[in-house]
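Report on the structure given below.
Everything quoted here is computed from the prediction, not taken from an experiment. Residue numbers start at 1 and run along the sequence shown. The figures that follow rest on heavy atoms only: side chains count, while hydrogens, waters and symmetry mates do not.
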Amino acid sequence: MKQISRPVRKKDAFALLTGKPVYTADIFQQDALTVRLLRSPHAFADITGIDTSAALKVPGVACVLTWRDVPDIRFTIAGQAVPEWSPYDRKLLDSTVRYVGDPVAIVAAETPAAADKALKLIRVTYRVKEPLLDARAALDNPILVHPESDWRTVADFGADAKRNLCAHEIDRVGDAEAKLKECAYVAEGTYHTGQVSQCFMEPYTTGAYTDSFGRMTVVSSTQIPFHVRRIVSTALQIPLRNVRVIKPRVGGGFGAKQTAVSEIYAAAAAKATGRPCMLQYTRQEIFEAGSPRHEMEITVRVGADSEGHILAIDHRVLSNTGAYGEHGPTTIQLSGRQPTSIYRYAKDIYFEGTVVYTNTVPAGAYRGFGVTQGAFAVESTVNELARQIGIDPIEIRRINLLREGDVMGIYDNGEVTESCRFIDCLNRADELFGWKENAKRRVMPDGMIRAGGIAAAMQGSGIAFVDTATATVRLVEDGSYILEIGAADMGTGCDTILAQIAAEALGCSVDRVHTAAVDTDHSPYDTGSYASSTTYVTGNAVVKACAALKAKILTAAGALLGPDAGEMTLDGSGVSAGGRTVSLREISLHTQSGQSVMLQATESHSGKVSPPPFIVSMAEIELDPGTGRVRVTRLVNVIDCGTVINTALARVQAEGAAMQALGMALTERAAVGENGRLHEHSLLTYGMPTRLDIPEITVDFCPSYEETGPFGAKSIGEVAINATAPAITEAVYNASGIRVHSLPVNPENLI
């Protein structure tokens, strides 16, 4: 392969490095009205009165919208395929507010100053109610977050608003309870992970306007252009055909922009004023009203025989979805299915997931999508199990990790793994890290304590039988190609990766393939960039479209070369046969003149399987015995993601994921106070790792070949985050003898 497994530079690299106007705020109409949102100061309250008269008198104010001025309909802002696996539990604006930060009114004005002044002049009277803030107390609590009669679901995921139950999931194989009683060793623990923010650099940013035909156009930093189109249509009761969504470059998403957090408000203002409107969240708004990772409490029991074979897992998860349920039912599934399914002898598994409503910030999608939390609990318990048995944590994994042909527990109904180099990843990590020497506790000359830890995990590649992608590729007059996709490049480089796939399929160089930006009026349908789907699902659609186009090009070339041309070969310059060559330019121009063949092709793909990528992580930490401060000195991640399409982009994906996991493990905390307000709501107080915290990171790959993937590829975007945190906390245990059960690590508990 000529274009695959190469470190091809991102197509947008120079534009980004030179500061070209590529983001929503750069390119949207500069005379747009500024949109601001008035947000609730209370965690739970009914609005009994709202006076906007003074705000409307502020010079430059174009509109002030309250719940009386927008459609009275419930929907979900989760970016998911229909039927959405999230409850219809929110309105564009509601007369009841359910968390500190819930929108109360929308203001659009000529200037930011006018909009901010108008916000301060809106007078709202609240009937404050007692909030429900503790997820442990939510189920069947007399305080109901959603007592309204029009709350509903469009799919069956065990929800019951009268019990504060957003979703309930049970998966099982065999009889875990009975098998655990037979096991020679059983380790058990309860683990807690809090809400954490994605901390993307570009804020939620949306511009909206009504064009000359009366259609609503939304320009937004989003991972889900086609879902945004549907959500805006539903929220504003605009026919879907009259909504258009354009996605410029996205300055990071990590799952947060799989939710239509800002789009509905900018569109509502544009509809009301008839003017272009622009909404950009402040950093405080991102923390207080964004879409963070779900808080989870997880209780795990893992049993093994005397030889260390893991035979049974009981895994129970309580997830806090916050005030609204977007992504609550789907993240809970992944928190159990993947973490419990990486051990080949575990034939008895019980998983129960319960998702509850509270009056806190609504949670959503974040890289790893529930697997990250579940893996922290399961891997920590497996490490504890190894201690009980008296074997090394690396050896218990060497005995138990999946091989090719193994049934994967409760993952996708017991799917069989067809491409798996999990053990090779383990052995390679061992080699790179020097496990035997560096895992053990060592006191350094300066008094610091060093030790290592290990964990393993898997993810998926798209959602089987759900995710759909379509690609269109066409030959243009100069012999180059235009690739049109509906998948959103959110900084991951998918525009480049998919161009590499197209170039390989068409026998040309990558610079001959232009990847067009997503515009729902012109781009083919794609469910979006989430669930580790882009390379695998959209990549397969690209392969199919290129194969169909190649057949058309050869047919057209045959007409020029003649019937006796013989076997034809397509390369980057043209089609050759029998010692003669006809250029792609000639072929393209020929078909434009009285021919019936259009040299373009459109194909779709929806996967029937979701082949998992695998990762083994090892971490070395340094513990200050005087302060309890933990510093990560070294991380090793070895990954099987099938064929690595772009070696440079895959590496930086893994490095970035490791840093996000490091923050989750050691520093990132979003604590909720008694009044329901977050204590940390800025980058100064939140604790996101900086460049000064970056340890030595080693990333390597053990490529398998996935027959169902494009040129053998699987996914990498999410799996790379899942094993780092439990590897770090295992290193903390080896250094201190203290098993960390709640993230982030509290240094005070390690002294």
* Asked: Between atom CG of D46 and atom CG of D94, what is the distance when rounded to the nearest 0.5 Å?
  -> 9.0 Å
* D348 (side chain) donor-acceptor with G174 (main chain) under 3.5 angstrom -> no
* Please assess E680 against R669 for the test salt bridge (Lys or Arg N to Asp or Glu O under 4.0 Å), listing each intermediate value before the final yes or no. => CA-CA 7 Å; E680 296 87 8; R669 185 192 313 270; 5.1 Å; no
* Asked: Where do Y525 and F226 land on the ring pair (Phe, Tyr, Trp, His ring centres under 6.0 Å) test, with the steps shown first?
  -> CA-CA 7 Å; Y525 179 80; F226 286 92; 5.0 Å; yes
* Asked: Is any side-chain N of the basic residue among R316 and E297 closer than 4.0 Å to the acidic one's carboxylate O?
  -> no
* Using atom types as modelled and distance alone, determine if a side-chain donor or acceptor of H294 lies under 3.5 Å from a backbone N or O of G364. => yes
* Verify the distance criterion only: is there a donor paired with an acceptor across the side chains of S461 and S532 at less than 3.5 Å? => no
* To do: Indicate whether any N or O donor in one side chain lies under 3.5 Å from an N or O acceptor in the other, for R397 and N383.
  => yes
* Enter the distance from I298:CD1 to T190:OG1 here, rounded to the nearest 0.5 Å. => 10.0 Å
* Take T354 and V317, measure what side chain to side chain contact (heavy atoms under 4.5 Å, CB included) needs, and give me the verdict at the end. => CA-CA 6 Å; T354 303; V317 182; over 6 Å; no
* Asked: Under 3.5 Å, is there a donor-acceptor pair between the side chain of Q338 and the main chain of M458?
  -> no
* Judged by modelled atom types alone, do S221 and K257 share a side-chain donor-acceptor pair under 3.5 Å? -> yes
* **P292 vs V361 side-chain heavy atoms within contact, under 4.5 Å** => yes
* Between D175 and Y350, a side-chain donor and acceptor under 3.5 Å -> no
* Asked: Between R293 and Q660, is any side-chain donor less than 3.5 angstrom from a side-chain acceptor?
  -> no
* To do: Mark yes or no for whether S341, through its side chain, and Y411, through its backbone, hold a donor-acceptor pair below 3.5 Å.
  => yes
* State whether a side-chain donor-acceptor pair under 3.5 Å links T358 with N320. => yes
* Short side-chain donor-acceptor distance under 3.5 Å, S197 and E668 -> no
* To do: State, without any angle test, whether D150 and Y88 hold a side-chain donor-acceptor pair at a distance under 3.5 Å.
  => no
* **Atom pair CD/CG of Q333 and D412 - distance to nearest 0.5 Å** => 9.5 Å
* Asked: Thinking salt bridges, do K714 and E418 make one under a 4.0 Å N-O criterion?
  -> no
* Going by distance alone, is a donor N or O of one side chain under 3.5 Å from an acceptor N or O of the other, for T538 and D526? -> yes
* Asked: Looking only at side chains, do T492 and Q653 share a donor and an acceptor under 3.5 Å apart?
  -> no
* To do: Walk me through it: do E730 and R739 pass the test salt bridge (Lys or Arg N to Asp or Glu O under 4.0 Å)?
  => CA-CA 7 Å; E730 172 65 6; R739 176 73 60 195; 2.6 Å; yes
* Non-hydrogen side-chain atoms of V302 and Y343 separated by less than 4.5 Å -> no
* Structure fact -> In short, L165 meets L139 closest at the heavy-atom pair CD1-CD1, 3.9 Å
* Asked: Quick one: do the E352 and H168 side chains pair a donor with an acceptor below 3.5 Å?
  -> yes
* To do: Look at the side chain of Q198 and the backbone N and O of A365, then say whether any donor-acceptor pair between them is shorter than 3.5 Å.
  => yes
* Structure fact -> Interatomic distance, NE2@H192 vs CG@L318, rounded to 0.5 Å, equals 9.0 Å
* E706 and T708: side-chain donor and acceptor closer than 3.5 Å? -> yes
* Distance flag, aromatic centroids of F287 and H681, threshold under 6.0 Å -> no
* Structure fact -> Nearest heavy-atom contact between C199 and Y686 is SG-CE2, 3.5 Å
* If every non-hydrogen atom of C183 is compared with every non-hydrogen atom of A304, which pair is closest and at what distance? -> CB-O, 3.5 Å
* Which atoms form the tightest heavy-atom contact between W67 and L93, and what is the distance? -> CB-O, 3.5 Å
* Asked: Just wondering, are more than 12 heavy atoms of other shown residues or ligands nearer than 6.0 Å to CG in D140?
  -> yes
* **I615 and F422, any side-chain heavy atoms less than 4.5 Å apart** => no
* To do: Taking S533 for its side chain and Y530 for its backbone only, find out whether a donor-acceptor pair lies under 3.5 Å.
  => yes
* Structure fact -> In this structure, CD of Q80 is separated from CD of E326 (nearest 0.5 Å) by 9.0 Å
* To do: Show your reasoning for whether ring pair (Phe, Tyr, Trp, His ring centres under 6.0 Å) applies to Y324 and H146.
  => CA-CA 9 Å; Y324 300 101; H146 285 280; 5.4 Å; yes
* Output yes when a side-chain donor or acceptor of E718 lies under 3.5 Å from a complementary backbone atom of R367, and no otherwise. => no
* Asked: Is the side chain of T259 donor-acceptor paired with the backbone N or O of V261 at a distance under 3.5 Å, no angle test?
  -> no
* **Worked check of salt bridge (Lys or Arg N to Asp or Glu O under 4.0 Å) between R98 and E148** => CA-CA 12 Å; R98 295 177 174 82; E148 63 271 12; 3.0 Å; yes
* Please report the closest heavy-atom contact between I721 and Y366, naming both atoms and the distance. => CD1-CE2, 4.5 Å
* Counting only N and O atoms by type, is there a donor-acceptor contact under 3.5 Å from the side chain of N540 to the main-chain atoms of V537? -> no
* Which is it for D89 and V145 under the side chain to side chain contact (heavy atoms under 4.5 Å, CB included) test, yes or no, and what are the steps along the way? -> CA-CA 10 Å; D89 55 9; V145 178; over 6 Å; no
* Parallel, tilted or perpendicular for Y191 and H741, by the 30°/60° rule? -> parallel
* To do: Let me see the working for L385 and Y185 under side chain to side chain contact (heavy atoms under 4.5 Å, CB included), right down to the final yes or no.
  => CA-CA 7 Å; L385 180 68; Y185 299 93; 3.9 Å; yes
* Once you round to the nearest 0.5 Å, how far does CG of D640 lie from CD1 of I716? -> 10.0 Å
* Asked: Any chance the side chains of H605 and Y536 put a donor and an acceptor closer than 3.5 Å?
  -> no
* **I143/F44 under side chain to side chain contact (heavy atoms under 4.5 Å, CB included): CA gap, chis, key distance, verdict** => CA-CA 10 Å; I143 300 172; F44 202 16; 3.9 Å; yes
* How about E263 and Y265: does a side-chain donor come under 3.5 Å of a side-chain acceptor? -> no
* Classify the ring geometry between F369 and H327 as parallel (under 30°), tilted (30 to 60°) or perpendicular (over 60°). => perpendicular
* Stacked cation flag R39 on Y281, 6.0 angstrom / 45 deg -> yes
* To do: Check for a donor-acceptor pair, side chain of S220 on one end and backbone N or O of T222 on the other, with a separation under 3.5 Å.
  => no
* Please assess E169 against R337 for the test salt bridge (Lys or Arg N to Asp or Glu O under 4.0 Å), listing each intermediate value before the final yes or no. => CA-CA 11 Å; E169 170 90 5; R337 292 178 182 177; 2.8 Å; yes
* **N400 to I310 - nearest heavy-atom pair and separation** => OD1-N, 2.7 Å
